[in-house]
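Here is the structure we will look at, set down as structure tokens.
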Amino acid sequence: MSDDAIKKELQEKKETISMLQNYISIMDLKLNIFQAIGKITLTSFDLDKLLDSIMDMILSTMKVEAGSLLLLNDETGMLEFKVAKGEKGEEVKKYKFALGEGIVGWVAQTGKSQVVPKVEQNEHFRDDVARDIKFPVENVLCVPLKIQERTIGVIEIINKLNKKRFIKEDLDLLESLAGQISLVIQNAELFEESQRKINELSTLMKVSAIINSTLELNKLLNEVME
């Protein structure tokens with residue numbers, strides 16, 4: 001076998017090993033994040049704290065400059081920032097997006113993920129927001145959050161570090177996480193709803209006890225109002 005053939009074979013093996021190592025690291029990363037999400041959900045059902053912790057973890061592990069999670073307000077039909085991370089995180093929270101507006105609005109409307117290697121070449125990109133907050137956006141990865149095929153929001157991560165671009169493995173990972181996060185949101189909402197119903201039932205029982213305890217109208221009304 002010639003030297004060139006040997007070099008070519010070695011290069012191919014190196015590339016194969018590199019691909020396998022990358023695949024293993026992604027699988028390991030998924031497992032670690034899923035375990036961390038599980039631990040978070042066991043310690044608290046404060047939805048804001050849950051999502052804040054999860055987004056910190058996503059930015060750190062996926063090595064990006066910024067990221068946000070927006071939820072769809074059923075009453076207004078607008079996407080509103082629930083969590084925004086990065087240098088301009090607090091500033092961007094004042095913005096809202098209609099369905100179909102911007103990359104996040106398009107993803108929420110279609111229910112389809114979008115990888116944007118160069119935002120200037122994307123018809124949906126809202127450059128006015130980036131200009132307003134003075135935050136240069138180069139590339140974006142955005143995926144929908146769904147509960148039983150119903151889109152409830154989106155996750156968007158921005159500017160992969162070291163001038164890299166988002167690749168298919170990044171998309172696969174964020175889509176997997178989006179499924180877990182949707183479950184977290186659903187569980188937290190169910191927990192809050194059950195707590196509300198328990199409080200309502202408790203109040204009704206107290207009012208019933210008050211009504212049965214006195215026949216004095218003024219005293220009865222005061223205690224019921226309290």
Side-chain angles (χ1 to χ4, degrees), residues 26 30 33 47-48 50-52 54-59 61-161 163-186 189:
I26 289 173
K30 283 185 179 182
I33 292 178
L47 185 57
D48 291 336
L50 283 173
L51 297 181
D52 193 83
I54 290 170
M55 284 304 300
D56 277 337
M57 187 165 45
I58 289 175
L59 263 64
T61 54
M62 298 194 73
K63 296 178 173 59
V64 295
E65 285 186 14
S68 55
L69 188 152
L70 298 90
L71 294 181
L72 186 63
N73 186 319
D74 292 330
E75 294 182 1
T76 65
M78 302 289 286
L79 285 166
E80 301 175 356
F81 283 92
K82 191 73 173 175
V83 182
K85 295 286 184 176
E87 182 184 347
K88 302 289 185 174
E90 288 303 313
E91 293 182 40
V92 80
K93 285 182 179 180
K94 64 183 179 183
Y95 295 93
K96 298 179 182 180
F97 295 87
L99 292 177
E101 184 181 20
I103 294 173
V104 292
W106 186 88
V107 169
Q109 184 179 58
T110 62
K112 297 178 180 178
S113 301
Q114 189 166 40
V115 181
V116 183
K118 294 182 178 181
V119 294
E120 66 271 15
Q121 297 177 358
N122 184 273
E123 60 181 319
H124 305 293
F125 177 59
R126 282 279 303 274
D127 60 343
D128 57 317
V129 175
R131 286 199 311 269
D132 286 348
I133 65 173
K134 295 180 174 60
F135 183 77
V137 179
E138 297 175 4
N139 47 56
V140 169
L141 173 57
C142 188
V143 304
L145 293 168
K146 295 183 178 182
I147 295 177
Q148 297 177 347
E149 299 305 315
R150 178 176 64 90
T151 299
I152 63 168
V154 297
I155 300 178
E156 179 185 47
I157 53 177
I158 299 171
N159 294 351
K160 199 165 175 68
L161 296 179
K163 301 297 181 181
K164 293 183 178 180
R165 294 184 181 180
F166 293 109
I167 57 177
K168 185 179 183 301
E169 285 78 4
D170 295 317
L171 174 61
D172 292 342
L173 177 57
L174 195 59
E175 286 183 334
S176 297
L177 293 175
Q180 295 295 313
I181 293 167
S182 295
L183 289 175
V184 168
I185 293 171
Q186 184 180 35
E189 289 178 345

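Because the structure is a prediction, the values reported are computed rather than measured.
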Got a sec, which residues hit side-chain contact (heavy atoms from CB on, under 4.5 Å) with Q109, two or more places apart in sequence or on another chain?
L99
Please enumerate all residues that pass side-chain contact (heavy atoms from CB on, under 4.5 Å) together with T151, with sequence neighbours excluded.
A108, P144, K146
Within a strict 4.5 Å, meaning less than it, do heavy atoms of the [X] and [Y] side chains meet?
X	Y	value
V140	N122	no
L59	V64	yes
L71	L145	yes
I157	I58	yes

Could you tell me which residues satisfy salt bridge (charged side-chain N to carboxylate O under 4.0 Å, His left out) with [X], sequence neighbours excluded, listed by chain and number?
X	value
D132	none
K134	none
R131	D127
K93	E90

Test side chain to side chain contact (heavy atoms under 4.5 Å, CB included) on I54 and I181 and set out the steps.
CA-CA 8 Å; I54 290 170; I181 293 167; 3.6 Å; yes
[atom1]-[atom2] distance between [X] and [Y], expressed to the nearest 0.5 angstrom:
X	Y	atom1	atom2	value
L70	I155	CG	CD1	10.0 Å
L72	I152	CG	CD1	9.0 Å
S182	R150	OG	CZ	10.0 Å
D172	I167	CG	CD1	9.5 Å
L141	L174	CG	CG	5.0 Å

If you look only at pairs with a residue in residues 99-116, which of them pass as a salt bridge (Lys or Arg N to Asp or Glu O under 4.0 Å), with sequence neighbours excluded?
E101-R126
Closest heavy-atom contact between [X] and [Y]?
X	Y	value
V143	A178	CG2-CB, 3.9 Å
V137	V119	O-CG2, 3.0 Å
F166	N139	CE1-OD1, 3.2 Å
K160	M62	NZ-O, 3.4 Å

Pair up each side-chain donor or acceptor in residues 78-88 with any protein partner under 3.5 Å, not counting sequence neighbours, and list the distances.
from, atom 1, to, atom 2, distance (Å)
E80, OE2, N73, ND2, 3.1
K82, NZ, D48, OD1, 3.1
K85, NZ, D52, OD1, 3.0
K85, NZ, D52, OD2, 3.1
K85, NZ, D56, OD1, 3.0
K85, NZ, D56, OD2, 3.4
K88, NZ, I133, O, 3.3

Can you pull the ring-ring contact (aromatic ring centres under 6.0 Å, His included) pairs that have at least one residue in residues 109-135, sequence neighbours excluded?
W106-H124
Which residues share a side chain to side chain donor-acceptor pair (under 3.5 Å) with [X], sequence neighbours left out:
X	answer
D74	none
S113	E175
N159	E65

Does CD in E120 sit with more than 12 non-hydrogen atoms of other residues, nucleotides or ligands closer than 6.0 Å?
yes
